[in-house]
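Naming convention: chains lettered A, B, ... in sequence-line order (proteins, then strands); numbering from 1 in each chain. Source: prediction; values computed, not measured.
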2 protein chains.
Amino acid sequence: MARSQGAELALLLLGGFQSMVDDVHGELAHRGHEGVRASHEFALRAIDEGADTASELGRRLSVSKQGAAKTITALEKLGYLRREPDSLDARLKRLRVTDRGHDMMALGASLFDEVRERWAAQMGPGQLASLEAHLARLVAHRPSSVDAAARLNEDLGETT
Amino acid sequence: MARSQGAELALLLLGGFQSMVDDVHGELAHRGHEGVRASHEFALRAIDEGADTASELGRRLSVSKQGAAKTITALEKLGYLRREPDSLDARLKRLRVTDRGHDMMALGASLFDEVRERWAAQMGPGQLASLEAHLARLVAHRPSSVDAAARLNEDLGETT
DNA sequence: TATGAATCGACAACGGGGTTGTCTACTCCG
DNA sequence: CGGAGTAGACAACCCCGTTGTCGATTCATA
């Protein structure tokens with residue numbers, strides 16, 4: 001059985017992700033954004049794109065609202081967002097990304113893009129594009145766990 | 001800035017990994033191997049390939065030996081390995097993969113390979129092979145965090 | 001041969017990132 | 001008005017990893 005090619009592929013995908021994230025966060029730390037984690041990046045992006053309450057963020061990230069709240073607490077401590085009461089709905093705490101938060105997002109985005117550019121240079125832009133297209137189809141095309149969990153949440157109403 | 005293509009690529013890689021792992025572990029659970037986690041699979045493989053002590057496993061996986069020990073404890077509880085004293089060196093506990101452990105590894109490997117086959121069918125075997133080759137180069141070719149940490153461990157002697 | 005350095009594994013405490021369950025406050029609809 | 005649904009906070013827990021410390025053992029060497 002030597003080694004499972006399938007298992008190795010999985011490891012390569014994970015390794016690729018970690019490689020990118022390590023590069024980006026190492027550089028982020030050098031530029032005044034220490035303590036940033038991968039989840040912070042992506043959560044902040046989702047918030048800025050409209051998921052501006054804890055519950056909504058949880059839905060977007062397919063995570064419980066309590067889980068999302070923990071990330072939000074971390075982001076607030078790091079100074080990347082503020083929690084403000086909503087004027088119309090007193091249940092809500094509206095999330096607003098701070099200037100520092102936007103700085104970090106912009107920097108993170110450009111660093112990620114740099115890494116991607118390096119990859120494109122090594123493997124050729126066409127190859128990279130087709131890799132992305134395939135991955136997107138393969139990942140989107142699964143009715144499995146994550147999406148199933150998301151659907152479950154919607155179907156069952158609130159558990160919490 | 002719309003969305004960072006680089007960040008999306010990272011997410012795709014992570015999603016690809018999770019997609020594979022979810023598929024495999026869902027099926028593993030259906031076949032009598034509930035409770036298996038991604039880390040268990042890969043750790044058991046490393047052990048079977050020769051990393052048969054906690055410290056050595058830690059080195060192979062680039063984690064602390066305490067971290068490796070926790071995985072080992074979990075694997076032992078699940079019945080996938082046994083810890084036996086070494087006859088020559090009383091400090092060591094030799095790790096031996098049980099029959100059930102070999103079953104799980106074989107099943108996991110074939111499930112991973114199945115997923116990979118499906119991917120190959122969708123994107124074409126040549127495309128997949130070149131994706132793997134590129135990823136392997138990109139991941140191996142970084143003198144960064146993980147390997148750096150591994151080297152640090154060797155250089156500094158034992159911290160623990 | 002005795003001793004000091006290195007290594008092994010175990011244990012405790014902690015942090016990050018998740019989970020579930022419970023709770024109160026609030027909105028919204030009939 | 002009252003009940004159903006939703007928001008967020010809090011507690012307790014799990015997993016996986018970390019560092020630091022420890023006693024036991026081996027090994028090198030003076």
If you only use heavy atoms from C-beta on, which nucleotide in [options] is closest to the side chain of [X]?
X	options	result
B:Leu92	C:dC8, D:dA7, D:dG17	C:dC8
B:Lys65	D:dA9, C:dG9, D:dT19	C:dG9
A:Gln66	D:dA9, C:dA10, C:dG17	D:dA9
B:Lys70	D:dC16, C:dG18, C:dA10	D:dC16
B:Arg37	C:dG9, D:dG8, D:dC16	D:dC16

Below 4.0 angstrom, N of the basic side chain to O of the carboxylate: do [X] and [Y] qualify?
X	Y	value
A:Asp23	A:Arg118	yes
B:Glu76	B:Arg82	no
A:Lys93	A:Glu84	no
A:Arg31	A:Glu27	yes

Rounded interatomic separation in angstrom, taking [atom1] from [X] and [atom2] from [N]:
X	N	atom1	atom2	result
B:Leu57	C:dT7	CG	P	18 Å
A:Arg60	D:dA7	CZ	P	13 Å
B:Arg94	D:dT25	CZ	P	17 Å
B:Asp52	C:dG9	CG	C1'	14 Å
B:Leu14	C:dG17	CG	C1'	13 Å
A:Arg83	D:dA7	CZ	P	15 Å
B:Gln18	C:dG17	CD	P	14 Å
A:Ile72	C:dG16	CD1	C1'	16 Å

Results of side chain to side chain contact (heavy atoms under 4.5 Å, CB included) for A:Glu132 - residues two or more places apart only: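 By the side chain to side chain contact (heavy atoms under 4.5 Å, CB included) rule, A:Glu132 matches A:Arg116, A:Leu128, B:Leu9, B:Leu12.
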Can you tell me if [X] touches the phosphate of [N], counting only side-chain N or O atoms and a distance under 4.0 Å to OP1 or OP2?
X	N	value
A:Ser55	D:dT6	no
A:Arg59	D:dT6	no
A:His40	C:dG17	yes
B:Thr71	D:dG17	yes
B:Ser39	D:dC16	yes

Distances under 3.5 Å between nitrogen or oxygen atoms of protein and nucleotides 1-3 of chain C:
none

Taking side chain as C-beta onward, heavy atoms only, is B:Val24 less than 4.5 Å from B:Glu114?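 Counting from C-beta outward, B:Val24 and B:Glu114 never come under 4.5 Å.
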Taking the side chain as every heavy atom from C-beta outward, state whether B:Met104 and B:Glu41 have any pair of such atoms under 4.5 Å apart.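 Answer yes - side chains close enough.
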Would you call the rings of B:His25 and B:Phe112 parallel, tilted or perpendicular if under 30° counts as parallel and over 60° as perpendicular?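 Ring orientation of B:His25 relative to B:Phe112: perpendicular.
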Here's a test of your reading of the structure: between B:Glu56 and A:Ala74, which maps to the more 5' nucleotide of DNA chain C?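 Comparing both residues, the 5'-ward one is B:Glu56.
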Confirm from the modelled atom types if A:Lys93 and D:dG8 form a donor-acceptor pair under 3.5 Å, side chain to base only.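 Flag unset: no donor-acceptor pair detected.
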Output the distance between atom CE (B:Met105) and atom CD1 (B:Ile47), rounded to the nearest 0.5 Å.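 These two atoms lie 9.5 Å from each other.
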What nitrogen or oxygen pairs link the protein and nucleotides 25-30 of chain C at under 3.5 Å?
| unit_1 | atom_1 | unit_2 | atom_2 | d |
| --- | --- | --- | --- | --- |
| C:dT27 | OP1 | A:Ala90 | N | 3.1 |

Hydrophobic cluster identity match, A:Phe17 and B:Trp119, side-chain contacts under 4.5 Å: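 Result: yes, single cluster for both.
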